[in-house]
Trainee: 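Below is one structure. I have some questions about it.
First the proteins, then the strands, lettered A, B, ... as listed; each starts at 1.
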There are 2 protein chains.
Amino acid sequence: METNIMDPNCPSRLVFQRIGDKWATLVIQVLEPGPMRFSDLRAKVAVVTPKVLTQTLRTLERDGLLTRTVFAQVPPRVDYQLTELGASLLPALKTLRTWAEQNVGRMAAAQDEYDAAIEDAVLSAAH
Amino acid sequence: METNIMDPNCPSRLVFQRIGDKWATLVIQVLEPGPMRFSDLRAKVAVVTPKVLTQTLRTLERDGLLTRTVFAQVPPRVDYQLTELGASLLPALKTLRTWAEQNVGRMAAAQDEYDAAIEDAVLSAAH
DNA sequence: CAGAATCCTTTTGGATACTG
DNA sequence: CAGTATCCAAAAGGATTCTG
């Protein structure tokens, strides 16, 4: 069967949505080297609140991209690690990052130019 | 200089954000074959409202990913087409789509499994 | 035709405080 | 330590109506 990206129910939409998630791709990339516990993730992913980090992790766990392992000890310890499926996404993310690193300068320049043109238009309209 | 994805100001964040935009990647991929006018885009991208489509197009234009060309005629005609920069993003998107098409089935299965486990937990808690 | 303007609902992200 | 519970502000997304 043909996957049609135009279809609102197209499965690839799900993936693009996940990629766009502010924290999801970050978490996946942080987990690349190996398992990590909640507090370490918080430290690594900077100023994310526990609530948002939990949300992100639950979503990724539900997607089968990572696993959550609880150790029965006090104080509690919970490890998160990429599944094979999650790890298989890394190359695609890497491709995107590479593009980003190489082209964000051009994007930023385009934005500056665009904004300057708008500014000019506003000023001349007010003449 | 080292780009650090952990940095909230990291430029690659901008790219991931754009990729995650519900309509942006769709528009870029629809424009691959060549220029297209507003109404054709609307038809292609299904049920998007003109407001949202306009927003998306403006953002992409500002990013330097596409150009907007107005023809001085009645009725009006406006063409949108990818810039070289916009087109250079296509391979990376293609990589993602390929991953999506190959793995969305596994993601969906993982979700079903996860939801079923949750459901079981709820039922047994109510025993 | 290609949108702009307005209004409204839903979702998202985050701050803060509390708990097993 | 690893979360959960509440509350809130901001933004995204969309329906509808109008216009050069």
Trainee: Would you kindly give the CD-to-P distance between B:Q55 and D:dA12, to the nearest whole Å?
Mentor: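 In whole Å, D:dA12 P and B:Q55 CD are 8 Å from each other.
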Trainee: May I ask you to decide if A:A24's main-chain N or O and A:T56's side chain share a donor-acceptor pair within less than 3.5 Å?
Mentor: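 Such a contact is absent between A:T56 side chain and A:A24 backbone.
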Trainee: Rounded to whole angstrom units, what separation is found between the CZ atom of A:F71 and the P atom of C:dG20?
Mentor: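 That distance rounds to 24 Å.
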Trainee: Below 3.5 Å is the cut-off: list the nitrogen or oxygen pairs between protein and nucleotides 1-9 of chain C, distance only.
Mentor:
residue, atom, partner, partner atom, Å
C:dC1, O3', B:R37, NH2, 3.0
C:dC1, O3', B:P76, O, 3.2
C:dA2, OP1, B:R37, NE, 2.8
C:dA2, OP1, B:R37, NH2, 3.1
C:dA2, OP1, B:V78, N, 3.4
C:dA2, OP2, B:S39, N, 2.9
C:dA2, OP2, B:S39, OG, 2.5
C:dG3, OP1, B:R58, NH2, 3.4
C:dG3, OP1, B:R68, NE, 3.3
C:dG3, OP1, B:R68, NH2, 2.6
C:dG3, OP2, B:Y80, OH, 2.6
C:dA4, OP2, B:R58, NH1, 2.8

Trainee: To the nearest Å, how far apart are A:R18 CZ and C:dT12 C1'?
Mentor: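 So the two atoms are 14 Å apart, to the nearest Å.
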Trainee: Heavy-atom count check: over 12 atoms from other residues, nucleotides or ligands less than 6.0 Å from A:E84 CD?
Mentor: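 No - once you tally the heavy atoms of other residues, nucleotides and ligands closer than 6.0 Å, there are 12 at most.
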Trainee: Are side-chain heavy atoms of B:Y114 and B:I118 found at a separation under 4.5 Å?
Mentor: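 Side-chain contact under 4.5 Å: yes.
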Trainee: Closer than 4.0 angstrom, basic N to acidic O: yes or no for A:D79 and A:R77?
Mentor: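 Salt bridge flag = yes for A:R77 with A:D79.
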Trainee: Rounded to whole Å, please give me the gap between CH2 in B:W23 and C1' in D:dA12.
Mentor: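 So the CH2-C1' distance, B:W23 to D:dA12, works out to 12 Å.
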Trainee: Tell me: CD of A:E61 to C1' of D:dG3, nearest whole Å?
Mentor: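 Answer to the nearest Å: 14 Å.
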Trainee: For the residue pair B:T54 and B:F38, establish whether any side-chain heavy-atom pair is separated by less than 4.5 Å.
Mentor: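 Yes. Closest side-chain heavy atoms under 4.5 Å.
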Trainee: How long is the span from the CG atom in A:L60 to the CZ atom in A:R68, to the nearest 0.5 Å?
Mentor: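 The distance works out to 13.5 Å.
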Trainee: Mind calculating the distance between CG (A:L53) and C1' (C:dT12) to the nearest angstrom?
Mentor: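 Those two atoms, CG and C1', are 16 Å apart.
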Trainee: Take the protein atom CG of A:L26 and the nucleotide atom P of C:dG13, then report the distance between them rounded to whole Å.
Mentor: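 From A:L26 CG to C:dG13 P: 13 Å.
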